[in-house]
Amino acid sequence: MQGALTRYRIIAWIVGVCLLALVLVGMPLKYLGDNDTVVAVVGPLHGFLFMVYLVLTFDLARRARWPFPRMILVMAAGTIPFLSFWAERKVTNAWVPAELAKSPV
């Protein structure tokens, strides 16, 4: 499960940073500066990486035996700026260690 957690943590940070770049840099440039270059590049990249995020979150949820609502909550965290960082911390410091403590390896 440690490998799945590491993969999830990496993609959560990447998706979070891409979303912040899209919302905090790309959108103002597009609508205030009439320059859609950042949105044109980061938008599709974030979309692809978000799909990877969903797959890796599902993998971790399956391995950690999360209930379905928790998995959906963590998946949805990649759509709201800053929330993926909170979810990554919650998963890393609370939910996965609790599951590891319940089931010996």
Side-chain angles (χ1 to χ4, degrees):
M1 185 178 345
Q2 194 61 39
L5 178 61
T6 301
R7 287 187 296 274
Y8 164 76
R9 291 184 72 191
I10 291 168
I11 197 67
W13 273 89
I14 292 171
V15 166
V17 169
C18 282
L19 183 58
L20 286 177
L22 191 59
V23 171
L24 298 177
V25 177
M27 298 304 275
L29 278 175
K30 179 177 181 174
Y31 292 110
L32 299 175
D34 201 32
N35 181 350
D36 68 343
T37 306
V38 175
V39 172
V41 172
V42 178
L45 179 64
H46 172 69
F48 173 76
L49 291 173
F50 182 71
M51 302 260 201
V52 174
Y53 173 81
L54 293 177
V55 169
L56 294 180
T57 301
F58 176 77
D59 179 48
L60 179 61
R62 184 183 53 82
R63 292 171 192 260
R65 297 183 183 99
W66 289 347
F68 186 72
R70 180 180 295 172
M71 180 184 72
I72 296 300
L73 174 70
V74 175
M75 286 179 168
T79 64
I80 301 170
F82 297 105
L83 195 57
S84 67
F85 303 115
W86 173 84
E88 185 271 330
R89 281 288 125 201
K90 190 75 168 170
V91 166
T92 301
N93 294 328
W95 294 338
V96 169
E99 185 59 40
L100 287 174
K102 282 195 284 186
S103 61
V105 176

- Task: Give the intermediate values and the outcome of side-chain contact (heavy atoms from CB on, under 4.5 Å) for residues M27 and V38.
- Result: CA-CA 8 Å; M27 298 304 275; V38 175; over 6 Å; no

- Message: Walk me through whether T6 and I10 qualify under side-chain contact (heavy atoms from CB on, under 4.5 Å).
- Response: CA-CA 6 Å; T6 301; I10 291 168; 4.0 Å; yes

- Decide side-chain contact (heavy atoms from CB on, under 4.5 Å) for M51 and H46; before the verdict, give the C-alpha distance in whole Å, the side-chain angles of both, and the deciding distance to 0.1 Å. CA-CA 9 Å; M51 302 260 201; H46 172 69; over 6 Å; no

- Message: Pair R62, D59 - check side-chain contact (heavy atoms from CB on, under 4.5 Å), show working.
- Response: CA-CA 5 Å; R62 184 183 53 82; D59 179 48; 2.9 Å; yes

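Closest approach of L5 to T92, counting heavy atoms only: CD1-OG1, 4.1 Å. Annotation for S84 and G16: closest pair OG-CA, 3.2 Å, computed over non-hydrogen atoms. Minimum interatomic distance between M71 and F58 (heavy atoms only, all atoms of both residues): SD-CD1, 3.5 Å. Residues G78 and V15 approach most closely at O-CG1, 3.9 Å, considering heavy atoms. Minimum interatomic distance between V42 and C18 (heavy atoms only, all atoms of both residues): CG1-O, 3.5 Å. A77 approaches Y53 most closely through the heavy-atom pair CB-OH, 4.0 Å.
Using a 4.5 Å cut-off between side-chain heavy atoms of Ile, Leu, Val, Met, Phe, Trp and Tyr, with links allowed through other members, Y31 and V23 fall into different hydrophobic clusters. A continuous path of ILVMFWY side-chain contacts below 4.5 Å connects F50 to L45, so both sit in one hydrophobic cluster. Cluster membership check: I14 does not share its hydrophobic cluster with L83, using side-chain heavy-atom separations under 4.5 Å among Ile, Leu, Val, Met, Phe, Trp and Tyr. Put simply, V96 and M75 are part of the same group of oily side chains (I, L, V, M, F, W, Y) that touch within less than 4.5 Å, one to the next. Transitive grouping of hydrophobic side chains (ILVMFWY, heavy atoms separated by less than 4.5 Å) keeps L32 and L20 in distinct clusters.
Looking at M1 and L60, their side chains come closer than 4.5 Å, going by heavy atoms from C-beta outward. Under the 4.5 Å side-chain criterion, counting only non-hydrogen atoms from C-beta, Y8 is in contact with V74. Counting heavy atoms from C-beta outward, R9 and R89 have side chains that approach closer than 4.5 Å.
Below 30°, between 30° and 60°, or above 60°: for W86 and W95 the angle between ring planes is above 60°, a perpendicular geometry. Taking the six-membered ring for Trp and thresholds of 30 and 60 degrees, W13 and F85 have ring planes inclined between 30 and 60 degrees apart.
L49 contributes atom CG, which lies 11.5 Å from atom CG of L19 (distance to the nearest 0.5 angstrom). Separation of atoms CG (L24) and CG (L29) is listed at 11.0 Å; rounding is to 0.5 Å.
In this structure, D34 places its CG atom where only 12 or fewer heavy-atom neighbours from other residues, nucleotides or ligands lie under 6.0 Å away.
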